[in-house]
Protein chains: 2
Amino acid sequence: MPRTIGERSDAIPALAEVFRTHGFDGASLSLIGAATGLGKGSLYNFFPGGKEEMAQAVLDEIDGWFRREVFTPLREAKEPRQGIREMFQVVDRYFHSGRRVCLIGAFALGDSRDRFAACVAAYFAEWVDALAEALRRAGSGRAEARAQAEDTVAAIQGALVLARAADDRAVFGRIMRRQELLLLRK
Amino acid sequence: MPRTIGERSDAIPALAEVFRTHGFDGASLSLIGAATGLGKGSLYNFFPGGKEEMAQAVLDEIDGWFRREVFTPLREAKEPRQGIREMFQVVDRYFHSGRRVCLIGAFALGDSRDRFAACVAAYFAEWVDALAEALRRAGSGRAEARAQAEDTVAAIQGALVLARAADDRAVFGRIMRRQELLLLRK
DNA sequence: TACAAGATGTACCTATCGGTACAAATCGTC
DNA sequence: GACGATTTGTACCGATAGGTACATCTTGTA
């Protein structure tokens, strides 16, 4: 009884790129087929639920990645200020310094929000929570930490919007750097 | 030779709502027809260029509105600090306190960015410029004013993403209020 | 080498897409 | 009321959408 999970998960990065680039509605099965190199037969074998299951798999993968690489390190960093510094590094790398869009942010603004509302809401809530926790451990009061965390996550999402709008990744780096300074000053 | 422009412009608010809600690709002609109360005949009579011309008309309308209600007042306010305060009020009202999404931000993240790249880029560039000008007049140095303006426009866009993701408009108000305080402190 | 299970390509389905053609209704002007 | 121009509804177009059915190929195991 061979486990075939490996194959399915191999398709997810390509799926993520297609959804990121074209959105949920814009990602047609022919685009998906071209990007993954998989025909409809394979696609529907791996994802019997169709496009919706494909997108859900991508969201789950992103959620897992951020939990592993961002949220948990933030919460468990020995030195919270250093943990925050590393969050900015990891996030900058993840978004290719602003060249890459946040799929979950795009879904939040777009047509597909309702379909994946729970995922989308949970992702941002967790990010804010984890960052607030680190800030609190770094010395901020509970309320101040939450406020700073909310502002920072919003700044990052807004920076992605601006970077993509201007087709200029420099703006992303500038906003990220200033936000990091703001959080870690004092 | 009767001027029929009046009719065409009457359809634009409804068009804007459809594109805002469903995105460019998601806004099908049947949705557009239902929202505007216009059949295909009328739609293609007013907008011979089809969906693309409809979306362009909406973008132009938004651009004009912001120029008139936000950018110009920012640049020409007698008292720049008061002008900035009013910008936050007007923007809060425009986005229905976070219940309404920024169409141009959604286009920037979505599939339709390339199609309307010039509009999208110009909108944000103008916003940052106008706000930076006001901040400079309020006493900031040139570089600092630009940085603050960039951060603020990004914060607003990010706040819209978070508000829509969490389906919670309170977060929009919180971020806006803190950003206003940050700009006008000292 | 035989066999079952999984993987894949292809043909096909219905619904809808954006867009066009055009005749009929409507409207402003004289 | 007549006329020309605009406005509108309807039928229709080819293309493509997402999805299903199924026969055929691979593949791992014994």
Side-chain angles (χ1 to χ4, degrees), chain A residues 1-59 103 106-107 110-116, chain B residues 1-60 103 106-107 110-116 119:
Chain A
M1 200 182 288
R3 315 291 291 111
T4 52
I5 292 178
E7 296 291 354
R8 184 186 132 125
S9 67
D10 285 350
I12 289 186
L15 284 174
E17 270 317 297
V18 181
F19 284 122
R20 224 188 289 276
T21 309
H22 299 93
F24 182 78
D25 281 339
S28 68
L29 281 187
S30 66
L31 280 173
I32 290 172
T36 57
L38 262 33
K40 286 188 179 188
S42 309
L43 250 14
Y44 276 82
N45 178 42
F46 292 140
F47 306 95
K51 260 178 77 171
E52 186 148 347
E53 186 173 343
M54 299 177 208
Q56 189 61 62
V58 169
L59 291 181
L103 178 62
F107 273 21
D111 38 32
S112 32
R113 196 211 73 111
D114 293 345
R115 213 187 295 255
F116 305 107
Chain B
M1 201 180 291
R3 314 290 292 112
T4 52
I5 292 177
E7 296 291 354
R8 184 186 132 126
S9 68
D10 285 350
I12 290 186
L15 283 174
E17 270 316 298
V18 181
F19 284 122
R20 223 188 290 274
T21 309
H22 299 95
F24 183 78
D25 281 340
S28 67
L29 282 185
S30 67
L31 280 173
I32 290 172
T36 57
L38 262 33
K40 287 188 179 189
S42 310
L43 251 12
Y44 276 83
N45 179 43
F46 291 140
F47 306 95
K51 260 178 77 171
E52 185 147 348
E53 187 174 342
M54 299 178 207
Q56 188 63 61
V58 169
L59 291 181
D60 290 345
L103 178 61
F107 273 21
D111 37 32
S112 33
R113 197 210 72 112
D114 294 344
R115 213 187 295 255
F116 306 106
C119 264

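All chains are named by letter (A, B, ...) in the order of the sequence lines, taking the proteins before the strands, and each is independently numbered beginning at 1.
- A 4.5 Å side-chain heavy-atom check between A:Phe116 and A:Glu52 finds at least one atom pair inside the cut-off.
- Note on ring orientation: taking the six-membered ring where Trp is involved, the planes of B:Phe19 and B:Phe107 are perpendicular (angle over 60°, cut-offs 30° and 60°).
- Taking atom CG on B:Leu38 and atom C1' on D:dT6, their separation rounds to 14 Å, with Å as the unit.
- Partner of A:Met54 under the side chain to side chain contact (heavy atoms under 4.5 Å, CB included) criterion, chosen from A:Ile12, A:Leu15, A:Val18, A:Thr36: A:Leu15.
- Partners of B:Asn45 under the side chain to side chain donor-acceptor pair (under 3.5 Å) rule, at least two apart in sequence or in another chain, do not exist in this structure.
- For the pair A:His22 NE2 and D:dG18 P, the interatomic distance rounds to 12 Å; values are reported in whole Å.
- A side-chain donor-acceptor contact under 3.5 Å links A:Ser28 to the backbone of A:Leu31.
- Note: CD (A:Glu52) to C1' (D:dG19) measures 14 Å, nearest angstrom.
- Atom CG of A:Leu43 and atom P of C:dA7 are 13 Å apart (whole Å).
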Show each protein N/O and nucleotides 14-17 of chain C N/O combination with a separation under 3.5 Å, one pair to a line.
| residue | atom | partner | partner atom | Å |
| --- | --- | --- | --- | --- |
| C:dC17 | OP1 | B:Ser28 | OG | 3.1 |

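- For the pair A:Lys40 NZ and D:dA23 P, the computed distance is 19 Å after rounding to whole Å.
- When rounded to the nearest whole Å, the span between CG of A:Asp10 and C1' of C:dG6 equals 15 Å.
- Rounded to an integer number of Å, the gap from CE of B:Met54 to C1' of C:dG19 is 10 Å.
- With hydrogens and angles ignored, the 3.5 Å screen pairs a side-chain donor or acceptor of B:Thr21 with a backbone N or O of B:Glu17.
- Summarising the geometry, the separation between CD1 on B:Ile32 and P on C:dG18 is reported as 7 Å, rounded to the nearest angstrom.
- Put simply, B:Asn45 has no side-chain N or O that comes within less than 4.0 Å of OP1 or OP2 on D:dT6.
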